[in-house]
Amino acid sequence: MNNLKNLRGTVDLLPDQLIKWQNVEKIVLEQLARASINEIRTPILEMTELFIRGIGEGTDVVSKEMYTFIDRGERSCTLRPEGTASVARALIQNGMLSNHPLQKLWYMGPMFRYERPQAGRQRQFHQLGVEFIGYDSVRSDVEIIALAWDILGKLGIKELNLEINTLGDLDDRSNFQKSFLKWLDINKDSLDLDSQNRINKNPLRILDSKNIQTKKVLENAPRLFNFLSEKSHKRYSALKRQLEVLKIPYIENFNLVRGLDYYTHTAFEITSGALGSQATVCGGGRYDDLIKQMGGPNTPAIGFAIGLERLILLAGKDFEIPRNTDIYIINQGLIAESLAMDLSRKLRNYDLLVELDLSGASFSKQFKKANKLKSRSIIVIGDDEAVKGEFFIRLFDQSSNGNEEELISFENDIKLENWINNNLLVR
RNA sequence: GCGGGCGUCGCCAAGUGGUUAAGGCAGCGGCUUGUGGCGCCGCUAUUCGGGGGUUCGAAUCCCCUCGCUCGCCCCA
């Protein structure tokens, strides 16, 4: 084996694997289009500052997972680790927020985080993100959760858990934080090391600790929930009520804190036990202050991201089935080969999967190939046919007895079309 | 960044110190130069992720390294 290899945490998606990706993406894009959500594409490469300010300096993503380098113009550049900051930047920069204060957007593409690869986790991974910009009603929270839930449902993914929480607004959070920091000061010695390190950097994340002992100690800590304003409380209750109306089951998880700093109020995650330790397939929440913080107009927003690698892991085997060849063109001989080429172009006017055999191999070989591909029908053109200006077309599955075989002149497009309509396009 | 497991052909694998590294699938060729699915026959790893060492001798033992994988952490 030579020593040119892909980088750690990156993968080649080969044709066989892409069948599943394409089938899954097709369903997803259909759902997005039906919900009137528009695509936005932003650069994969951004200035580093965007993520530091957008995501938050204290977060793990920014402090230790970014692919950052200095370019030839001595600018600090970063391969995007997530999509929301770029979308916010693009909207601000292009003046989109004054012309179109309300927007529903989606994006899909590669993201980069320098982490140890694991099941469902790559360094280059792919996310589908949806952002509702300018929407502040609880109904937009509900719609976006329902949208994520339904995309996963459309893909036939079962046994999902929706976890929700509210993080309150900035005031709620700073009130809580004061009290929480006091408590941390007294109890820090009983926390695990990771959590102790977070006290100064990102205290809220301590709530989300997986350490069993820390979890136990935290049971006596002040709760963010008790610091919520009347307004935040109402909002959260309304969210729960509406999810119940839609019959979307949820679990309240008061320790659910998103890893990116920009979230406010609603936070949610959709997880699946089938994913192993990387259980989260979808994560999202409200970020009412982000756009303003980044220098834009005061614009509330909510969004989510779905990890496509994890989605592919969860989607069933049904999505792995490729579309079969409809017509395989067996051909041999100088004139026959040129007629076959011409015919194959004509056939591409139909919604059919047509493969022209270019091997020049024996008829027997070409038949075997057609059979291996499970082609639904074959066309045969050899010297005899070429001379007469006609070709055979016939159904090729095992059950057919050859009655559907037809001899058609190269000029007779109508006869060809009729045969196709009767045999291939009716299913 | 820290732990555990693993690394033999494109894929799945046998082999655990001794002359030529099983087998299956796939691929290619033939039986059958113009008609498929079955069957039969043949071909396909000077080499066991890479490098070094131990040994008369290593895929098999030791060291280093790379990669994969599963956890921790973090996240989608």
Below 4.0 Å: OP1/OP2 of B:U35 and any side-chain N or O of A:Ser364: no

Whether A:Phe367 stacks on the six-membered ring of B:G36 base, 5.5 Å and 30° limits: no

Test applied, salt bridge (Lys or Arg N to Asp or Glu O under 4.0 Å); reference residue, A:Glu46; option that passes from A:Arg89, A:Arg80, A:Arg53: A:Arg89

Nucleotide nearest A:Lys365 (side chain, heavy atoms from C-beta), chosen from B:A26, B:G30, B:G1: B:G30

Of A:Thr10, A:Ile44, A:Leu79, the residue whose pairing with A:Pro110 passes side-chain contact (heavy atoms from CB on, under 4.5 Å): A:Ile44

Short side-chain N/O contact from A:Lys372 to OP1 or OP2 of B:G27, under 4.0 Å: yes

A:Arg286 and A:Ser140 side chains, donor-acceptor separation under 3.5 Å: yes

Side chain of A:Phe392 - closest among B:C75, B:G36, B:U35: B:U35

From A:Asn324, A:Asn423, A:Asp326, residue fulfilling side-chain hydrogen bond (donor to acceptor under 3.5 Å, both in side chains) relative to A:Arg376: A:Asp326

Name of the residue among A:Arg116, A:Glu115, A:Arg121 meeting side-chain hydrogen bond (donor to acceptor under 3.5 Å, both in side chains) with A:Gln118: A:Arg121

Least distance between heavy atoms, A:Leu45 atom then A:Cys77 atom: CD1-CB, 4.1 Å

Minimum-distance nucleotide to A:Arg394 side chain [options: B:G34, B:U35, B:A76]: B:U35

Proximal nucleotide (of B:G34, B:C75, B:G27) relative to the A:Glu385 side chain: B:G34

Under 4.0 Å protein heavy-atom contact, by nucleotide of nucleotides 68-73 of chain B - B base, S sugar-phosphate only: SBSBBB

